[in-house]
Amino acid sequence: MHILRKRGWELPEAAATPEAVFLNRRQLLAGFGLTAGGMAAGGIAGSALLPGGALAAEGDPSAGLYPVPRNEAYQPGRPLTPEAITSTYNNFYEFGSHKQIASAAQALKIRPWELRIDGLCDNPQTIAIDDLLKKMPLEERLYRHRCVEAWSMAVPWSGFPLAELVRLAAPTSDAKYLRMETFLDPDVATGQRASWYPWPYVEGLTLAEATNELAFIATGVYGKPLAKQFGAPLRLAVPWKYGFKSIKSIVRISFTDMRPVSFWEQIAASEYGFWANVNPDVPHPRWSQASERLLATGERIPTQLFNGYGEQVAGLYTGLEGEALYM
Ligand SMILES: Nc1nc2c(c(=O)[nH]1)N[C@H]1C(S)=C(S)[C@@H](COP(=O)(O)O)O[C@H]1N2
Ligand SMILES: [Mo]
C-alpha cells in the first residue's frame, strides 16, 4: 500500500466531502477573491435555460433523436423525481461545489464534442458525439441514483449500454479497467480554477463492471438531450454505486491494466474508494448510509444493498471480499 504525499490542493480530510466542502470552499473562495458561478440559479425550473432564455435542448443537434423507446426491464420501484427538482440540485464541481450550478453549467459548449477512446484496445479512435449517437442503440431506462451524501432520486435516462462502447473499442486481453475523464476548461468551468482539486475529474470501472448490463451511458434525460447540468453530452450511470462514480461530460475513455485513481479518491482515499458500491451497513466514516433522503419529498427511506441492483451486479464481486467494496 503506497503512502499518499500531501499536496498543495489537498484539503484537510474532515473538510473534503461534497457537503462539507460546500461551506469550506466558499470561505476559501472568499479568501481568494473568487466567486462561485451560478449562485443565482434559483429561478430555473424544468428545462435548462440558456443565458438568452432559449431552451438548452432546442439548440442541440441531437434533439430529434428523442424520445427513445423505453426498456421496461428497468423499473425504479418508486416515482420518478420531477425534472424541476433534479435539474436544479446537482453535483458538478466543475461549476461550483454547491448544488445550484445549473445556470453556470449552461456555459459549457457541447458542440463540437469529441470522445477519445484509447489505451489497450484494437480500435482506438476519436469520435464526434453526433457520429457516436448514430452508431449506438438508444433506449430509455428508469434508474435509481444514490449519492454518497445520502440523498437519492429516480431518473429516466436515455442512452446506450456502456458495453456497446466497449465493443466498439475492442479492448485487448490485457485491458482490465476503464479510465474515464471529464473535460478540462477552466475558462468555462469556473470550479476548475480551484487548484486544490485534482482536475480533470476521473473515474474508473473494471472491464467486468463496464460490460455489466446495468452500466449505461446517458445522452438524454426526460425524453430530451441531456441538459448541461446533468453532464451533457455523455455521462455515466452506474446505479448500484454511489453517485460520484457516475462521471459527467466525458471526453476520454482509456483501457488500461492499472486501476484508475478517481477524483474523490485522490482527495480523500480514506472516505471515497474505487469500488463505492452502495451498502446501508457500511457507514461513511462521518455519517450513516442506512437510509436516504428522497429529493422530491424529503422522505427518508431505507437504503438497499447495491441500491437494490444486487440481482444484476452482486456476482461481479465474488472473490473480491478482501477489497473495500463499499466505500
Ligand atoms: N465531472 C463530474 N461528474 C460528476 C460529479 C462532478 O462533480 N463532476 N459529481 C458526481 C456526484 S457526487 C453525483 S451525486 C452525480 C450527480 O448527478 P446529477 O447532478 O445529475 O444528479 O454526478 C457525479 N458526476
Ligand atoms: Mo454524489
Side-chain angles (χ1 to χ4, degrees), residues 16-22 25 36-38 41 44 48 80-105 108 110 143-159 179-186 188-192 194 197-205 216-222 225-253 262-268 271-272 276 278 284 287 289 292-296 303 307 327:
T17 73
E19 272 178 348
V21 164
F22 175 79
R25 183 164 170 273
I44 291 192
L80 291 179
T81 312
E83 181 182 6
I85 292 172
T86 59
S87 63
T88 55
Y89 185 93
N90 301 97
N91 273 334
F92 202 167
Y93 275 63
E94 283 79 349
F95 295 99
S97 57
H98 50 89
K99 309 297 187 214
Q100 279 73 45
I101 55 76
S103 172
L108 180 62
I110 56 171
Y143 274 178
R144 296 179 293 276
H145 173 100
R146 170 58 157 80
C147 176
V148 74
E149 297 160 342
W151 56 264
S152 69
M153 60 183 185
V155 180
W157 300 119
S158 304
R179 180 186 181 278
M180 286 161 277
E181 199 176 286
T182 295
F183 72 88
L184 181 64
D185 187 354
V188 166
T190 53
Q192 291 182 333
Y197 288 119
W199 307 112
Y201 200 98
V202 167
E203 261 305 339
L205 295 172
F216 198 64
I217 294 285
T219 60
V221 68
Y222 298 101
L226 217 51
K228 292 174 182 177
Q229 61 269 39
F230 287 108
L234 287 174
R235 173 253 174 85
L236 184 66
V238 280
W240 71 98
K241 292 178 175 286
Y242 291 117
F244 66 84
K245 297 292 296 183
S246 290
I247 182 173
K248 294 180 168 182
S249 303
I250 301 167
V251 293
R252 184 176 179 192
I253 297 183
S262 65
F263 180 81
W264 283 108
E265 191 179 1
Q266 288 183 66
I267 293 167
E271 304 199 354
Y272 308 101
V278 175
H284 183 275
W287 60 83
Q289 296 291 22
E292 63 203 60
R293 176 175 58 88
L294 298 177
L295 271 194
T303 287
N307 198 21
M327 62 157 277

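First listed ligand is number 1; within each ligand, the first listed atom is number 1. When a residue number appears, it is its place in the shown sequence, counting from 1.
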Test of ring centre spacing under 6.0 Å for Y93 and Y201:
no
Return the orientation label for the F92 and F183 ring planes: parallel under 30°, perpendicular over 60°, tilted otherwise.
perpendicular
Quick check on [X] - does any of its heavy atoms sit under 4.0 Å from an atom of ligand 1?
{"X": "W151", "result": "yes"}
{"X": "S246", "result": "yes"}
{"X": "M153", "result": "yes"}

Closest to atom 19 (O) of ligand 1 by heavy-atom distance, out of K245, Q229, K248, is K248
Any chance the side chains of Y197 and S97 put a donor and an acceptor closer than 3.5 Å?
no
Can you see whether N91 engages K99 through a side-chain donor-acceptor pair at a distance of less than 3.5 angstrom?
yes
Heavy-atom pairs closer than 4.0 Å: do any link ligand 1 to the side chain of [X], the backbone, both, or neither?
{"X": "R235", "result": "side chain"}
{"X": "Y201", "result": "side chain"}
{"X": "H145", "result": "side chain"}

Just distances here: any N/O of [X] and N/O of ligand 1 closer than 3.5 Å?
{"X": "N91", "result": "yes"}
{"X": "N90", "result": "yes"}
{"X": "Y93", "result": "yes"}

What I'd like to find out is whether the side chain of L236 reaches to under 4.5 Å of the side chain of I217, using heavy atoms alone.
yes
Taking atom OG1 of T219 and atom CZ of R235, what is their separation to the nearest 0.5 Å?
12.0 Å
Tested for side-chain contact (heavy atoms from CB on, under 4.5 Å) against K248, the lone hit among L108, N90, L226 is N90
Against heavy atoms of [X], which atoms of ligand 1 measure under 4.0 Å?
{"X": "C147", "value": "14 (S)"}
{"X": "F244", "value": "10 (C), 11 (C), 12 (S)"}
{"X": "T182", "value": "1 (N)"}

Using the test salt bridge (Lys or Arg N to Asp or Glu O under 4.0 Å), find all partners of E292 that sit at least two apart in sequence or belong to another chain.
R78, R146
Quick check: does any side chain N or O of E181 sit under 3.5 Å from a backbone N or O of V251, one acting as donor and the other as acceptor?
no
